[in-house]
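Below is one structure; the comments refer to it alone.
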Amino acid sequence: MTSALSKQSLLFTTFSLALIRFSYCSVANANVNSNIPAIANHFGTKGRYEEVNSYLINDILSVNKSLLKPGCTNCTAIHVAAIIRHGTRYPSTKNIKMMQQLYDLVLNEAMNTNKWLKDIKTKWEMWYTDDMDGKLVEKGRDDHRHLAVRLATLFPSLISEENLRAHRIRFITSSKHRCVDSIVAFQEGLLNLWKVTEVGPSHKINDELMRFFDQCQKFVEDIENNQTALEEVHLFKASAEMKRVQMKMADQLQVPYNRITPDLVEAAFFLCSYEFAIKSLNSAWCNLFDETDAQVLEYKNDLKQYWKRGYGHDINRKSSCNLFHDLFNRLDQAAREIRFGHVSEAVTIQVGHAETLLPLLALMGFFRDETALTADNFDVQNGRTFRTSRIVPYAANLLFVLYDCSEGLRLQFLLNETPQNFPDIMHQAPLYDTVRETYRELLHGCNFEKECELPRPNSEF
Ligand SMILES: *[C@@H]1O[C@H](CO)[C@@H](O)[C@H](O)[C@H]1NC(C)=O
Ligand SMILES: *[C@@H]1O[C@H](CO)[C@@H](O)[C@H](O)[C@H]1NC(C)=O
Ligand SMILES: *[C@@H]1O[C@H](CO)[C@@H](O)[C@H](O)[C@H]1NC(C)=O
């Protein structure tokens with residue numbers, strides 16, 4: 001137990017160092033490129049994929065194939081299971097209303113006369129409308145078209161025209177319009193790459209797999225419809241850190257302190273992030289935040305994801321049991337079939353939400369910090385591994401790659417096209433049996449029906 005724990009903390013340290021290196025690179029990059037807001041690394045689930053892999057800024061189709069070398073002999077990839085978040089989208093109606101409220105306040109009450117505020121008042125227009133409600137934007141289609149081409153370049157023997165024509169690539173999506181539109185864009189990316197002009201491939205909608213959170217009654221009751229479950233988020237909204245951001249913003253705008261609520265601060269942060277993600281603009285709204293402010297707002301978002309989708313409550317993780325079993329069933333099937341030399345299904349492309357990816361990652365033990373994220377440990381959590389800006393930007397993807405190697409089957413995991421060790425396994429592509437052994441308990445348990453069941457009132461009375 002002790003050794004497993006210290007191994008895990010070693011892993012965390014390594015990963016934290018990697019994070020520091022990453023953010024250093026990206027900050028350096030932002031200075032060079034003034035089109036990128038200096039705070040673009042802190043947008044959480046509203047962040048751009050390119051901030052996670054900054055080499056894509058220069059060439060959106062570049063891939064690093066050397067990452068895939070599983071570090072063993074004679075390996076052939078035989079199956080890829082990809083679980084992907086939809087691409088860049090419009091804000092929700094709720095957030096658009098907040099943005100409108102902030103814009104009105106700035107127009108009518110902000111007294112500051114500096115240049116960027118004048119730009120907001122005279123040049124910027126409130127172009128977001130309620131009917132945009134979370135729909136995929138053109139940039140979001142591109143996110144998926146480009147990802148498709150990169151994955152086809154990474155796995156040419158699996159994501160191939162031949163396999164597409166032979167229906168050996170399976171497409172499954174959440175029913176939400178932004179997910180369906182994403183998977184169609186992904187397919188377009190492949191068809192354009194191979195110059196295929198016939199009728200495109202189809203997809204299946206499966207909310208049981210891709211929107212399991214709606215169907216897990218215990219999650220809906222205990223977390224979704226329960227204000228107390230997100231207590232830490234509410235506390236952080238009232239924290240000294242957040243107060244400081246509110247006051248700084250009120251000072252910048254020159255409005256009375258009591259006019260700036262945490263929700264309005266967040267609306268301004270959203271405006272900066274959406275203008276960037278959707279239109280690639282470093283908007284005047286971004287001037288309202290410095291690095292420290294952005295870190296506070298990033299933490300607020302991470303707290304919410306942690307308590308609603310991550311380690312905060314056990315049911316968050318357990319609600320993804322079906323997706324977990326589905327994944328391993330696919331891998332098991334490929335593992336069985338390869339013994340007879342032919343895998344019937346080469347690739348699975350599954351499109352869902354950040355809310356789909358995070359619970360599965362947590363179920364499998366990725367990005368687990370030793371200390372819980374709470375309202376009062378913002379400072380302590382500065383080096384946390386649970387950082388949604390890195391984990392689930394738009395078009396975030398989990399890739400599980402099964403290899404047939406001389407010494408047996410191996411499994412590699414990549415998050416956003418970067419290899420990640422499985423928790424407690426110090427190998428980039430461990431034997432598949434080792435992975436199965438690590439997840440033995442989940443593989444033999446993790447029953448969705450049981451985990452999600454609510455205690456029933458006794459019907460005998
Ligand atoms: C590709 O990845 C390898 C292994 O991490 C790294 O050493 C190399 O510099 C990368 N190459 C490029 C072009 O990014
Ligand atoms: C790798 O594969 C080749 C061709 O199948 C075979 O001749 C060779 O012995 C294998 N190498 C190892 C180390 O298994
Ligand atoms: C709401 O959440 C709190 C904190 O997790 C928990 O103690 C309580 O049982 C939950 N209430 C309901 C009705 O699920």
Side-chain angles (χ1 to χ4, degrees), residues 5 8 12 44-45 92 94-95 98 174 207-243 261-263 266 296-325 352-382 384-389 391-392 423 441-442 445-461:
L5 268 178
Q8 206 161 6
F12 293 144
T45 54
S92 62
K94 180 175 145 247
N95 285 338
M98 285 307 302
S174 138
D207 282 344
E208 221 169 280
L209 280 186
M210 308 316 291
R211 293 182 60 82
F212 50 76
F213 41 88
D214 282 344
Q215 311 197 356
C216 179
Q217 287 193 25
K218 188 175 164 65
F219 171 79
V220 172
E221 179 136 325
D222 287 4
I223 312 296
E224 185 107 70
N225 298 337
N226 178 3
Q227 283 293 308
T228 324
L230 299 189
E231 185 64 14
E232 296 297 331
V233 182
H234 306 310
L235 289 172
F236 191 69
K237 277 173 89 167
S239 70
E241 285 91 354
M242 186 62 84
K243 279 269 150 45
T261 62
D263 284 345
E266 194 157 47
V296 170
L297 293 166
E298 181 185 28
Y299 191 63
K300 191 244 148 194
N301 283 322
D302 284 358
L303 264 182
K304 178 173 165 201
Q305 299 301 334
Y306 182 87
W307 290 95
K308 195 160 179 187
R309 310 292 172 181
Y311 292 101
H313 301 288
D314 206 43
I315 190 62
N316 300 349
R317 309 163 56 221
K318 294 290 175 59
S319 63
S320 72
C321 284
N322 277 348
L323 185 59
F324 174 83
H325 285 302
H353 308 262
E355 295 82 351
T356 314
L357 274 61
L358 283 173
L360 181 65
L361 285 168
L363 184 70
M364 296 181 74
F366 291 103
F367 308 111
R368 177 170 218 149
D369 295 290
E370 278 171 271
T371 319
L373 277 66
T374 59
D376 60 12
N377 67 5
F378 168 71
D379 286 330
V380 176
Q381 290 293 6
N382 191 30
R384 69 190 176 277
T385 68
F386 192 87
R387 198 173 285 272
T388 59
S389 302
I391 304 173
V392 274
E441 275 181 43
L442 289 174
C446 203
N447 181 316
F448 179 87
E449 308 296 329
K450 226 193 221 155
E451 301 291 347
C452 293
E453 185 177 66
L454 286 170
R456 283 224 194 101
N458 198 328
S459 54
E460 280 172 42
F461 291 96

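Numbering of ligands and ligand atoms starts at 1, following listing order.
- In this structure Asn316 satisfies the side chain to side chain contact (heavy atoms under 4.5 Å, CB included) test together with Phe219, Ile223, His313, sequence neighbours excluded.
- With sequence neighbours left out, Asp207 forms a side chain to side chain contact (heavy atoms under 4.5 Å, CB included) with Ser174, Ser175, Ile205, Arg211, Gln215.
- Take Asn377 and apply the side chain to side chain contact (heavy atoms under 4.5 Å, CB included) test, not counting sequence neighbours, and it matches Tyr299, Thr371, Thr374, Val380, Gln381.
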Contact table, ligand 3 N/O with protein N/O, distance under 3.5 Å:
residue: ligand 3; atom: 2 (O); partner: Asn226; partner atom: ND2; Å: 2.3
residue: ligand 3; atom: 11 (N); partner: Asn226; partner atom: ND2; Å: 2.9
residue: ligand 3; atom: 14 (O); partner: Asp222; partner atom: OD1; Å: 2.9

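- The nearest pair of heavy atoms linking Phe448 to Cys321 is N-CB, 4.0 Å.
- Nearest heavy-atom pair across Thr45 and Ala354 is CG2-CB, 4.2 Å.
- The environment of CD in Glu208 is sparse: at most 12 heavy-atom neighbours from other residues, nucleotides or ligands sit within 6.0 Å.
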